[in-house]
Amino acid sequence: MTLKDISSGPDWIIWVVGIILAIFSIILLTGRGANLIAGYNTASKEKKDKYNAKRLSRVFGSGIAVITGLVFAMGIFENVLPASFATISLIIVIIDIVIMLVIANTVCKK
């Protein structure tokens, strides 16, 4: 059984999601998208001053780039990849998010 067999929605949705994630990733990787990060954009000035915004943006941009790669891989290879790749992708995304949060709260602090 492949990913194509278990998918129930139209194929264009995965491409739109992938493109949106790629745009966010590029913006964050340039170091200019700190306001796109939930929690940072609503933080007080004192809390924002505790973080290196450029480094924080790049960390989250890298993490979103990993997720973007998974989304595009599922879109391109949906006829080849086994259905279990969806579970593997979910595990990778969860690990990626945990790593992003740990790095954001350690390395990105001033």
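These figures come from a predicted structure and were not determined experimentally.
Heavy-atom minimum distance, Leu81 versus Met74: CD1-CA, 4.3 Å. Met1 and Ile6 get closest at one heavy-atom pair: SD-CG2, 3.3 Å.
Scored by the salt bridge (charged side-chain N to carboxylate O under 4.0 Å, His left out) test, Asp49 finds Lys45 as partners (sequence neighbours excluded). With sequence neighbours left out, Asn79 forms a side chain to side chain contact (heavy atoms under 4.5 Å, CB included) with Lys4. Thr42 pairs by the side-chain hydrogen bond (donor to acceptor under 3.5 Å, both in side chains) definition with nothing, not counting sequence neighbours. Val98 meets the side chain to side chain contact (heavy atoms under 4.5 Å, CB included) test with Val102; sequence neighbours excluded.
Contact annotation: the side chain of Val107 never approaches that of Val59 to less than 4.5 Å [non-hydrogen atoms, C-beta and beyond].
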Kindly list each side-chain donor-acceptor pair under 3.5 angstrom involving residues 13-35, sequence neighbours excluded, with atom names and distances?
residue	atom	partner	partner atom	Å
Ser25	OG	Gly61	O	3.0
Thr30	OG1	Ile27	O	2.6

Let me check something: any side-chain donor-acceptor pairs from residues 82-91 under 3.5 Å, sequence neighbours excluded? List them with distances.
residue	atom	partner	partner atom	Å
Ser89	OG	Phe85	O	2.9

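The stretch residues 61-76 participates, sequence neighbours left out, in no salt bridge (Lys or Arg N to Asp or Glu O under 4.0 Å) pair at all. Applying the salt bridge (Lys or Arg N to Asp or Glu O under 4.0 Å) test to pairs two or more places apart or on separate chains, none has a residue in residues 90-102. For residues 61-72, the set of pairs meeting the salt bridge (Lys or Arg N to Asp or Glu O under 4.0 Å) definition, not counting sequence neighbours, is empty. Screening residues 60-75 for salt bridge (Lys or Arg N to Asp or Glu O under 4.0 Å) gives no qualifying pairs among residues at least two apart or on separate chains. Here ring-ring contact (aromatic ring centres under 6.0 Å, His included) pairs that include residues 35-68, with residues two or more places apart or in two chains, number zero.
Annotation: Lys50, atom NZ; neighbour count of heavy atoms from other residues, nucleotides and ligands within 6.0 Å does not exceed 12. Crowding of Lys48 atom NZ: a count of heavy atoms from other residues, nucleotides or ligands under 6.0 Å exceeding 12.
Under the 4.5 Å side-chain contact rule for hydrophobic residues, Val71 and Ile94 do not share a cluster.
For the atom pair CD1 of Ile37 and CE of Met100, the computed distance is 9.5 Å after rounding to the nearest 0.5 Å.
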